[in-house]
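Input: a single structure, listed below in structure tokens.
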Amino acid sequence: MAELPGSLTATMADLEEGVATSPEEGTATSPAVIVGKRISEGKEGENKMRRARSGDSVDTIWEEAEGANEDDLEETTRGTKEETVFRKLDLLVTKKWGAKGSEKRPTVTEEEMKKHTSEEDFWVMINGMVFDMGPFLREEAKHPGGTAILLRQLELSGSDAGDRFVRWHNAAGNAVRRAPKYFVGDLLGWKPPRRWRLCCRRRPRESL
Ligand code: HEM
């Protein structure tokens with residue numbers, strides 16, 4: 001048995017397996033490389049890498065939601081937190097429901113929205129898009145932030161949940177990835193607040 005860094009050990013067979021050629025060809029005599037080989041190329045490591053590449057990893061809820069392959073495919077990190085969260089949300093809703101104004105994408109009137117303001121059936125509006133919080137409130141789906149915060153939203157600010165959505169979530173998190181599932185439609189007649197029209201919407205795309 002040979003001593004390796006930390007508490008790891010290797011048999012002579014392990015060492016001999018790594019003796020033949022240069023590190024570029026994937027083998028080497030150094031124990032560190034052999035340790036690396038064991039972690040990344042062992043049966044368990046191979047399976048892990050395969051699952052990660054396929055986006056089918058069971059490691060995290062995040063990967064389960066969208067797949068590791070989606071990571072950083074879109075540039076959505078520049079700008080204020082509000083801009084980045086809304087941009088990502090827009091992007092993911094558009095991916096599932098089509099572009100705003102297209103035939104496939106539903107719309108909601110303000111009148112309809114007002115009918116969904118109870119503790120079991122609550123629709124919220126985030127950046128002009130309406131989402132159904134009912135499944136969370138009825139505990140048919142799990143909201144990691146709990147239900148109390150959603151009820152507080154209902155009590156404090158009613159249906160316009162944009163500010164709180166931005167406060168509690170981020171563009172790289174699960175909330176934006178899961179939101180399209182709860183999308184009900186675009187709120188008809190909604191216009192972005194004046195502050196956005198002045199600052200962000202007019203900015204040329206390259207500078208976003
Ligand atoms: C479509 C609507 C929503 C979805 C899909 C959603 C989903 C999620 C998810 C997945 C998380 C875990 C953190 C993350 O991965 O980002 C989370 C956390 C949270 N959410 Fe939501 N959420 C929604 C709406 C809301 C709204 C409207 C509020 C507030 C009024 C809210 C408040 C929170 C809070 C307080 C947390 C915990 C944050 C923390 O512990 O740091 N969520 N939500």
Side-chain angles (χ1 to χ4, degrees), residues 60-67 70 73-202 208:
T60 67
I61 297 173
W62 177 78
E63 286 175 356
E64 193 188 299
E66 192 59 26
E70 287 293 312
L73 284 185
E74 314 284 350
E75 178 50 75
T76 51
T77 53
R78 284 181 223 164
T80 64
K81 187 181 181 203
E82 187 178 62
E83 285 165 3
T84 57
V85 169
F86 287 166
R87 196 180 310 140
K88 188 74 178 245
L89 189 61
D90 238 1
L91 191 90
L92 295 170
V93 168
T94 301
K95 252 186 196 170
K96 184 168 164 68
W97 295 92
K100 203 170 182 162
S102 68
E103 211 180 304
K104 187 180 158 197
R105 191 154 155 168
T107 51
V108 176
T109 62
E110 220 166 301
E111 208 182 7
E112 178 65 28
M113 221 188 144
K114 282 184 192 145
K115 293 183 196 159
H116 303 271
T117 48
S118 77
E119 296 191 359
E120 298 230 303
D121 176 21
F122 180 31
W123 288 5
V124 295
M125 193 273 292
I126 300 165
N127 195 31
M129 294 177 279
V130 178
F131 297 90
D132 184 5
M133 299 294 97
F136 295 138
L137 293 171
R138 297 189 296 270
E139 299 194 350
E140 294 157 13
K142 178 140 182 72
H143 177 236
T147 50
I149 188 90
L150 301 176
L151 293 175
R152 199 165 159 73
Q153 170 66 36
L154 177 62
E155 187 184 77
L156 288 181
S157 304
S159 306
D160 187 347
D163 285 352
R164 279 192 186 75
F165 188 83
V166 170
R167 181 183 304 157
W168 293 112
H169 310 96
N170 62 72
N174 264 327
V176 287
R177 292 170 185 276
R178 293 200 168 159
K181 188 173 170 191
Y182 304 98
F183 178 70
V184 183
D186 295 304
L187 184 63
L188 284 171
W190 180 83
K191 289 213 166 38
R194 199 167 153 69
R195 66 179 194 276
W196 302 349
R197 272 178 278 157
L198 287 176
C199 76
C200 324
R201 297 257 156 157
R202 287 199 188 144
L208 280 177

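Throughout, numbering of the chain's residues begins at 1 and tracks the sequence. What you see below is based on every heavy atom in this structure, not just the backbone, and it leaves out hydrogens, waters and symmetry mates.
- Put simply, CG on Asn127 and CG on Asp186 are 9.5 Å apart, with the number rounded to the nearest 0.5 Å.
- Contacts of Asp121 classified as side chain to side chain donor-acceptor pair (under 3.5 Å), with partners at least two apart in sequence or in another chain: His116.
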Side-chain atoms of residues 142-152: list all donor-acceptor pairs with protein atoms under 3.5 Å, sequence neighbours left out, distances to 0.1 Å.
| residue | atom | partner | partner atom | Å |
| --- | --- | --- | --- | --- |
| His143 | ND1 | Gly146 | N | 3.3 |
| His143 | ND1 | Gly146 | O | 2.7 |

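- Summarising the geometry, atom CZ belonging to Phe122 is positioned 4.5 Å from atom CG belonging to Leu154; distances are rounded to the nearest 0.5 Å.
- Contact between Gly79 and Glu83 at its shortest, heavy atoms only, is CA-OE1, 3.2 Å.
- The shortest heavy-atom contact between Phe183 and Pro106 is CE2-CD, 4.0 Å.
- In terms of heavy-atom proximity, Gly98 sits nearest to Lys104 at N-NZ, 4.5 Å.
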Between Phe136 and Tyr182, is the ring-ring contact (aromatic ring centres under 6.0 Å, His included) condition met? List the steps. CA-CA 10 Å; Phe136 295 138; Tyr182 304 98; 4.7 Å; yes
Show the numbers, then the answer: is there a side-chain contact (heavy atoms from CB on, under 4.5 Å) between Val124 and Phe165? CA-CA 10 Å; Val124 295; Phe165 188 83; over 6 Å; no
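- Rounding to the nearest 0.5 Å gives a distance of 5.5 Å between CD of Glu110 and CG of Leu187.
- The two residues Asp160 and Gln153 make their nearest non-hydrogen contact at O-NE2, 3.2 Å.
- With contacts defined as side-chain heavy-atom distances shorter than 4.5 Å, the pair Arg105/Val93 qualifies.
- Of the charged side-chain nitrogens involved, at least one lies within less than 4.0 Å of a carboxylate oxygen, so that Lys115 and Glu112 count as a salt-bridged pair.
- Shown here are the side chain to side chain donor-acceptor pair (under 3.5 Å) partners of Thr117, two or more places apart in sequence or in another chain: there are none.
- Contact between Arg164 and Ser157 at its shortest, heavy atoms only, is NH1-OG, 2.9 Å.
- Within a 6.0 Å radius of NZ in Lys181, other residues, nucleotides and ligands contribute 12 heavy atoms or fewer.
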For Leu92 and Arg177: C-alpha separation, side-chain torsions, deciding distance, then whether side-chain contact (heavy atoms from CB on, under 4.5 Å) applies. CA-CA 7 Å; Leu92 295 170; Arg177 292 170 185 276; 4.0 Å; yes
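- Between the side chain of Lys81 and the backbone N or O of His169, at least one donor-acceptor pair lies under 3.5 Å.
- Remark: the backbone N or O of Glu120 is paired with a side-chain donor or acceptor of Arg138 at under 3.5 angstrom.
- Among all heavy-atom pairs drawn from Lys100 and Trp190, the shortest one is NZ-CE3, 4.4 Å.
- Atom CD of Glu103 is surrounded by 12 or fewer heavy atoms from other residues, nucleotides or ligands within 6.0 Å.
- Judged purely by atom type and a 3.5 angstrom limit, Glu82 has no side-chain atom pairing as donor or acceptor with the backbone of Asp163.
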